[in-house]
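Only this structure's heavy atoms are used, side chains among them; waters, hydrogens and symmetry mates stay out.
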Amino acid sequence: MRTTIWRVGLATLLTGGVVGAATWLVLFSPVLGVRDVQISGAVGVPADEVRRAAGVAPGTPLARVDLEKVRVRVAALTRVESARVDRAWPGTLQVSVVERTPLALARVDGRTVTMDRYGVVLGDAGPAVRLPCCASSGPPPTTPPPGRRWPSSRLFPTG
């Protein structure tokens, strides 16, 4: 009987130790930490800019990376329409981006800016850009800054 109690106690202790070590390894140790942030889909947006926006320090335990927060930070870049973030064990964070495509030009305050399909201002258009130009029903007082949406009522007046 005494031998059985010792065996059960020892097995319980060893099991607890293994579970504790595995928890530490996955959640707190840099052993399974971020070693690489792979960027895909970025052509016009520099990969380093996407990495900086992701804001994940090397060595951060991969299991503790908040994928939604990283996705929101990357998607906040002006030239990024959407982003997806995934873990690739043992130490890679994969960030896939879909870039905004300039579809139209708008002229405001002597400036020509590019916009995407949602009316998001992407920035000043260069002289070589050839896109359709949107009419404006009385330009807003200032051009929306890059990344901000142009009011559709100004671009496509209904009345």
* Min side-chain heavy-atom separation P102-L122 under 4.5 Å -> yes
### Message
So V97 and V74, do their side chains get closer than 4.5 Å, heavy atoms only?
### Response
yes
**OP:** Show your reasoning for whether side chain to side chain contact (heavy atoms under 4.5 Å, CB included) applies to L67 and L93.
**Re:** CA-CA 9 Å; L67 300 181; L93 195 65; 3.8 Å; yes
Residues pairing under side chain to side chain donor-acceptor pair (under 3.5 Å) where one sits in residues 32-48, two or more places apart or in two chains, turn out to be S40-S96, D48-R51
Linking I/L/V/M/F/W/Y whenever any side-chain heavy atoms sit under 4.5 Å apart, do V85 and W89 land together? yes
Side chains of residues 11-21: which donor-acceptor pairs under 3.5 Å do they make with residues two or more places apart or in other chains?
{"unit_1": "T12", "atom_1": "OG1", "unit_2": "V8", "atom_2": "O", "d": "2.8"}
{"unit_1": "T15", "atom_1": "OG1", "unit_2": "A11", "atom_2": "O", "d": "2.7"}

Practice item. Please answer whether the main-chain N or O of L62 pairs with a side-chain N or O of R87 as donor and acceptor at a distance below 3.5 Å. Key: yes
- Same cluster or not: are L103 and V121 linked, directly or through other Ile, Leu, Val, Met, Phe, Trp or Tyr residues, by side-chain heavy atoms under 4.5 angstrom apart? no
Original post:
Taking side chain as C-beta onward, heavy atoms only, is I39 less than 4.5 Å from V37?
Top reply: yes
R84 meets the side chain to side chain donor-acceptor pair (under 3.5 Å) criterion, sequence neighbours left out, with D86
- Query: So, do T112 and L105 sit near enough that their side-chain heavy atoms are less than 4.5 Å apart?
  - Reply: yes
Contacts satisfying salt bridge (charged side-chain N to carboxylate O under 4.0 Å, His left out) that involve residues 73-82 (not counting sequence neighbours) are E81-R117
By salt bridge (charged side-chain N to carboxylate O under 4.0 Å, His left out), R71 pairs with (sequence neighbours left out) E68
dist D66:CG -> T60:OG1 (nearest 0.5 Å) comes out at 12.0 Å
For this session: Compare all side-chain heavy atoms of M115 with those of V120 and state whether any distance is below 4.5 angstrom.
Result: no
Check: Do the non-hydrogen side-chain atoms of E99 and V45 ever get within less than 4.5 Å of each other?
Finding: yes
